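These notes concern the structure reproduced below.
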Amino acid sequence: MPVSKKRMAYILQTLQSMFPDAKCELNHSNPFELIIAVVLSAQCTDKKVNEVTKHLFQKYKTPEDYLNVPLEELENDLKQIGLFRNKAKNIRKLCETLITQYEGEVPKTREELESLAGVGRKTANVVMSVAFGIPAIAVDTHVERVSKRLGIARPSDSVLEVEKTLQRLVPKEEWTNTHHRLIFFGRYHCTARNPKCPECPLLDLCPEGKKRMKTH
DNA sequence: AACTCGGGGCA
DNA sequence: TGCCCAGAGTT
């Protein structure tokens with residue numbers, strides 16, 4: 001059974017005290033740069049993405065810029081990032097759609113965003129919340145892992161089920177902040193390998209943490 | 001639900 | 001060397 005709203009409120013309060021300033025760490029200065037950065041961030045550290053986009057965004061500033069070079073050149077510019085061939089193709093398709101259907105602008109609805117190449121539910125959620133201020137909880141590997149460890153979601157839940165559970169347990173005005181705090185919690189504290197259970201303020205209510213403290 | 005893409009970081 | 005990284009698309 002998922003946690004109660006009361007217990008969730010305590011978790012949220014604790015996360016807020018741990019990461020009061022949690023926010024999107026992908027460098028961007030507009031919605032178009034953000035959507036490119038999030039597409040690139042799939043299965044790649046945001047640190048590496050920022051390293052690459054630092055140069056990328058000086059060279060490519062508009063959707064047209066990505067289409068005005070040979071595909072091989074864009075692939076080469078993304079060489080340091082995993083899955084770079086898929087991402088280069090998707091980004092070009094995405095830019096083409098922006099030009100032909102959205103007057104070169106990044107759309108704001110989930111349906112429109114998810115229709116773009118390389119953009120799924122997670123990326124759409126990030127763009128909506130970070131670029132346009134629309135409340136959303138994007139469930140990535142960190143959010144999924146910590147939600148399941150804390151007992152907020154069941155181990156067998158899909159990412160969509162995890163998202164729905166979080167939406168039900170968290171006040172809508174806190175969705176975006178909570179998303180970023182769960183990410184920070186997963187990145188810097190409740191890490192995939194060697195989570196910091198002994199010094200975790202949530203250990204007392206964490207099923208996985210208590211299990212780990214016994215067996216390790 | 002499982003599989004594939006995929007170079008880089010880290011223990 | 002093996003696991004993981006702010007996933008998405010296909011089968």
Side-chain angles (χ1 to χ4, degrees), chain A residues 15 18-19 21-28 31 33-57 71-72 74-97 106 110-132 134-149 153-163 166 175-196 208 212 216:
Chain A
L15 290 176
M18 292 178 79
F19 307 105
D21 302 319
K23 63 177 189 338
C24 178
E25 293 197 319
L26 292 168
N27 290 337
H28 64 281
E33 288 187 355
L34 178 64
I35 199 169
I36 299 292
V38 182
V39 168
L40 291 178
S41 73
Q43 300 302 102
C44 178
T45 61
D46 59 339
K47 195 175 171 185
K48 175 56 71 177
V49 172
N50 286 338
E51 197 178 300
V52 169
T53 55
K54 184 178 177 184
H55 309 290
L56 197 75
F57 291 162
L71 177 59
E72 295 73 30
L74 180 57
E75 284 181 347
N76 194 54
D77 289 334
L78 303 180
K79 205 86 176 174
Q80 310 168 60
I81 291 186
L83 312 177
F84 64 92
R85 291 186 192 83
N86 293 342
K87 289 173 182 177
K89 282 196 194 93
N90 284 337
I91 285 172
R92 285 179 41 122
K93 253 190 249 177
L94 182 157
C95 288
E96 201 177 334
T97 307
V106 178
R110 172 186 308 289
E111 191 177 18
E112 291 170 322
L113 285 165
E114 288 191 15
S115 77
L116 301 171
V119 178
R121 189 173 184 90
K122 184 259 169 181
T123 301
N125 275 333
V126 172
V127 173
M128 287 191 303
S129 61
V130 175
F132 301 127
I134 302 166
I137 301 177
V139 179
D140 69 340
T141 56
H142 293 306
V143 175
E144 181 180 3
R145 181 181 65 254
V146 305
S147 296
K148 290 179 177 179
R149 279 182 180 167
R154 298 179 186 80
S156 60
D157 281 349
S158 66
V159 290
L160 188 58
E161 287 168 328
V162 174
E163 182 181 333
L166 288 169
W175 283 4
T176 302
N177 280 339
T178 298
H179 158 68
H180 289 124
R181 287 172 190 151
L182 286 170
I183 298 255
F184 271 53
F185 183 62
R187 279 190 57 181
Y188 302 117
H189 192 93
C190 191
T191 47
R193 285 172 297 193
N194 306 117
K196 300 176 180 173
E208 177 67 18
R212 284 171 177 271
H216 295 124

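Quantities reported herein were computed from a predicted structural model and do not represent experimental measurements. By convention in this document, chain letters (A, B, ...) are assigned in the order of the sequence lines, proteins followed by strands, and residues within each chain are numbered from 1.
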Where each residue is assigned the nucleotide of DNA chain C containing its nearest heavy atom, which of Ile183(A) and Gly118(A) is assigned the position nearer the 5′ end?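 Residue closer to the 5' terminus by nearest nucleotide: Ile183(A).
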Using a strict cut-off of less than 4.0 Å between a Lys/Arg side-chain nitrogen and an Asp/Glu carboxylate oxygen, indicate whether Glu51(A) and Lys47(A) qualify as a salt bridge.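 No, no charged N to carboxylate O under 4.0 Å.
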Do the charged groups of Arg212(A) and Glu208(A) touch, with an N to O distance under 4.0 Å?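 Answer for the salt bridge query: yes.
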With the threshold set at under 4.0 Å for non-hydrogen atoms, list the residues of residues 140-148 of chain A touching DNA chain C in residue-number order.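 The answer is Asp140(A), Thr141(A), His142(A), Arg145(A).
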[N] versus [M] - spacing of their [atom1] atoms, nearest Å:
N: dA6(C); M: dC3(B); atom1: P; answer: 24 Å
N: dA8(C); M: dG8(B); atom1: P; answer: 22 Å
N: dG6(B); M: dT11(C); atom1: P; answer: 16 Å
N: dA1(B); M: dC5(C); atom1: C1'; answer: 22 Å

Of the non-hydrogen atoms in Gln80(A) and Val52(A), which two are nearest, and what is the gap between them? NE2-CG2, 4.0 Å
Using whole Å, what does the distance between atom [atom2] of nucleotide [N] and atom [atom1] of [X] come to?
X: Ile137(A); N: dA6(C); atom1: CD1; atom2: C1'; result: 15 Å
X: Arg121(A); N: dG9(C); atom1: CZ; atom2: C1'; result: 17 Å
X: Asn90(A); N: dG6(B); atom1: CG; atom2: P; result: 10 Å
X: Glu114(A); N: dG7(C); atom1: CD; atom2: C1'; result: 12 Å
X: Asp46(A); N: dC4(C); atom1: CG; atom2: P; result: 18 Å
X: Arg187(A); N: dC5(C); atom1: CZ; atom2: C1'; result: 10 Å
X: Ile36(A); N: dG7(C); atom1: CD1; atom2: C1'; result: 15 Å
X: Leu116(A); N: dG7(C); atom1: CG; atom2: P; result: 18 Å

Expected output: side-chain [X] to main-chain [Y] donor-acceptor under 3.5 Å:
X: Arg110(A); Y: Met128(A); value: no
X: Asn125(A); Y: Ala136(A); value: no
X: Ser158(A); Y: Glu161(A); value: yes

Heteroatom pairs (N/O) under 3.5 angstrom, protein to nucleotides 3-5 of chain B:
unit_1: dC5(B); atom_1: O3'; unit_2: Asn86(A); atom_2: ND2; d: 3.3

Does Ser41(A) have a side-chain nitrogen or oxygen under 4.0 Å from the phosphate oxygens OP1 or OP2 of dG7(C)?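 No.
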Counting side-chain heavy atoms from C-beta on, which of dA6(C), dA8(C), dC5(C) comes nearest to Ala192(A)?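 Nearest to the side chain of Ala192(A) among the choices is dC5(C).
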How many angstroms lie between [atom1] in [X] and [atom2] in [Y], if you round to the nearest 0.5 Å?
X: Lys122(A); Y: Glu163(A); atom1: NZ; atom2: CD; answer: 12.0 Å
X: Leu34(A); Y: His28(A); atom1: CG; atom2: NE2; answer: 4.5 Å
X: His142(A); Y: His179(A); atom1: NE2; atom2: NE2; answer: 10.5 Å

Which part of the nucleic acid, if any, lies within contact of Lys89(A), taking any heavy atom under 4.0 Å across all strands shown: a base, the sugar-phosphate backbone alone, or nothing? nothing
Using a 4.0 Å heavy-atom cut-off, does Thr123(A) contact any base of the nucleic acid, only the sugar-phosphate backbone, or nothing at all? sugar-phosphate
Check nucleotides 8-11 of chain B for protein N or O atoms closer than 3.5 Å to its own N or O atoms and list the pairs.
none

Below 30° counts as parallel, above 60° as perpendicular, anything between as tilted: where do the rings of Phe184(A) and Phe19(A) land?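 Phe184(A) vs Phe19(A) ring planes: perpendicular.
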Positive for side chain to side chain contact (heavy atoms under 4.5 Å, CB included) with Ile35(A), one of Val130(A), Val119(A), Ile91(A):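 When Val130(A), Val119(A), Ile91(A) are each tested with Ile35(A), the side chain to side chain contact (heavy atoms under 4.5 Å, CB included) holds only for Val119(A).
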Any chance NZ of Lys148(A) has more than 12 other-residue heavy atoms, nucleotides or ligands included, within less than 6.0 Å? yes
